Amino acid sequence: MKEIKIRYSKQRELIFNNLKHRYDHPTAEMIYQDLKVDYPHLSLGTVYRNLNLLADHKRITRLDVGDGVVHFDARIEPHFHMVCDECGTIQDLVC
């Protein structure tokens, strides 16, 4: 299958790089809160749209861990996730 190129955008690069350097499987809101400190003109809608675009093009993974919000993971190779029943943290499990 031929890979479809995504047009470059500075905001998308910021969002992807933020996610790529995290291991906490953040939500869109968490990424937005992290980036808005340095990029106050970035909107939450832009973060959601770009995360969903990246996920649709299989550059990142969407995670539904049953807590009512979508989490994202830049690690796209096959692996499992473990969710702590006490605190809700999500950890990667690699076999």
Side-chain angles (χ1 to χ4, degrees):
M1 183 161 87
K2 185 177 178 181
E3 184 177 324
I4 299 171
K5 285 211 171 239
I6 300 174
R7 226 172 84 204
Y8 175 80
S9 111
K10 178 69 174 171
Q11 293 90 350
R12 190 172 307 117
E13 180 181 29
L14 293 169
I15 293 162
F16 180 72
N17 284 334
N18 180 276
L19 180 61
K20 187 170 65 171
H21 292 100
R22 297 178 75 140
Y23 300 97
D24 60 346
H25 303 85
T27 63
E29 178 73 31
M30 292 166 70
I31 294 171
Y32 169 71
Q33 292 297 328
D34 197 29
L35 290 174
K36 81 173 190 173
V37 173
D38 294 322
Y39 305 96
H41 297 294
L42 183 69
S43 74
L44 180 58
T46 297
V47 174
Y48 271 105
R49 276 190 301 280
N50 281 284
L51 288 169
N52 284 315
L53 179 70
L54 290 166
D56 289 345
H57 285 86
K58 309 226 184 301
R59 306 279 169 80
I60 65 172
T61 305
R62 281 185 204 97
L63 301 174
D64 178 359
V65 296
D67 63 355
V69 292
V70 176
H71 296 262
F72 294 91
D73 190 355
R75 188 177 193 177
I76 57 173
E77 66 273 1
H79 65 283
F80 297 97
H81 295 98
M82 179 177 70
V83 181
C84 177
D85 290 335
E86 296 288 319
C87 66
T89 59
I90 306 166
Q91 293 184 346
D92 290 334
L93 293 176
V94 181
C95 297

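Sequential numbering from 1 along the given sequence is applied to the chain's residues. Quantities reported herein were computed from a predicted structural model and do not represent experimental measurements.
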Please name the pair of heavy atoms, one in [X] and one in [Y], separated by the smallest distance, quoted to 0.1 Å.
X: Pro40; Y: Val37; value: CD-O, 4.5 Å
X: Leu93; Y: His79; value: O-CB, 3.5 Å
X: Ala55; Y: Arg62; value: CB-CZ, 3.6 Å

Closer than 3.5 angstrom, by distance alone: can the side chain of Arg12 be matched with the main-chain N or O of Arg7 as a donor-acceptor pair?
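Present.
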
Measure from the side-chain N and O atoms of His25 to the backbone N and O of Ile90, and report whether any donor-acceptor pair falls under 3.5 Å.
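Judged by distance alone, yes, a pair lies under 3.5 Å.
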
Scan Leu53, Asn50, Asp56 and name whichever one has a side chain to side chain contact (heavy atoms under 4.5 Å, CB included) with Ile6.
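When side chain to side chain contact (heavy atoms under 4.5 Å, CB included) is applied between Ile6 and each of Leu53, Asn50, Asp56, only Leu53 qualifies.
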
Would Arg75 and Thr61 count as a side-chain contact (heavy atoms from CB on, under 4.5 Å) if you check the C-alpha gap in whole Å, the side-chain angles of each, and the deciding distance to 0.1 Å?
CA-CA 7 Å; Arg75 188 177 193 177; Thr61 305; over 6 Å; no

Under 4.5 Å between side-chain heavy atoms, hopping through other hydrophobics if needed: is there a path connecting Met30 to Val70?
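The answer is no; the residues belong to distinct hydrophobic clusters.
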
Linked, directly or transitively: Tyr23 and Val83 (ILVMFWY side chains, under 4.5 Å)
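No, separate clusters.
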
[atom1] of [X] to [atom2] of [Y]: how many Å apart, nearest 0.5 Å?
X: Ile60; Y: Phe16; atom1: CD1; atom2: CZ; value: 8.0 Å
X: Leu51; Y: Leu19; atom1: CG; atom2: CG; value: 6.5 Å
X: Phe72; Y: Ile31; atom1: CZ; atom2: CD1; value: 7.0 Å
X: Leu35; Y: Leu42; atom1: CG; atom2: CG; value: 6.0 Å
X: His41; Y: Gln11; atom1: NE2; atom2: CD; value: 11.5 Å
X: Ile15; Y: Glu13; atom1: CD1; atom2: CD; value: 11.0 Å

Is the CZ atom of Phe80 crowded by more than 12 outside heavy atoms at less than 6.0 Å?
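Result for CZ/Phe80: open.
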
Given salt bridge (charged side-chain N to carboxylate O under 4.0 Å, His left out), test Asp24 with Arg22 step by step and report yes or no.
CA-CA 6 Å; Asp24 60 346; Arg22 297 178 75 140; 2.8 Å; yes

Could you tell me whether the side chain of Asp38 reaches within less than 4.5 Å of the side chain of Leu14, counting heavy atoms only?
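No; the side chains remain at least 4.5 Å from each other.
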
Residues two or more places apart in sequence or in another chain: which of them pass salt bridge (Lys or Arg N to Asp or Glu O under 4.0 Å) with Glu86?
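So Glu86 forms no salt bridge (Lys or Arg N to Asp or Glu O under 4.0 Å) with any residue.
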
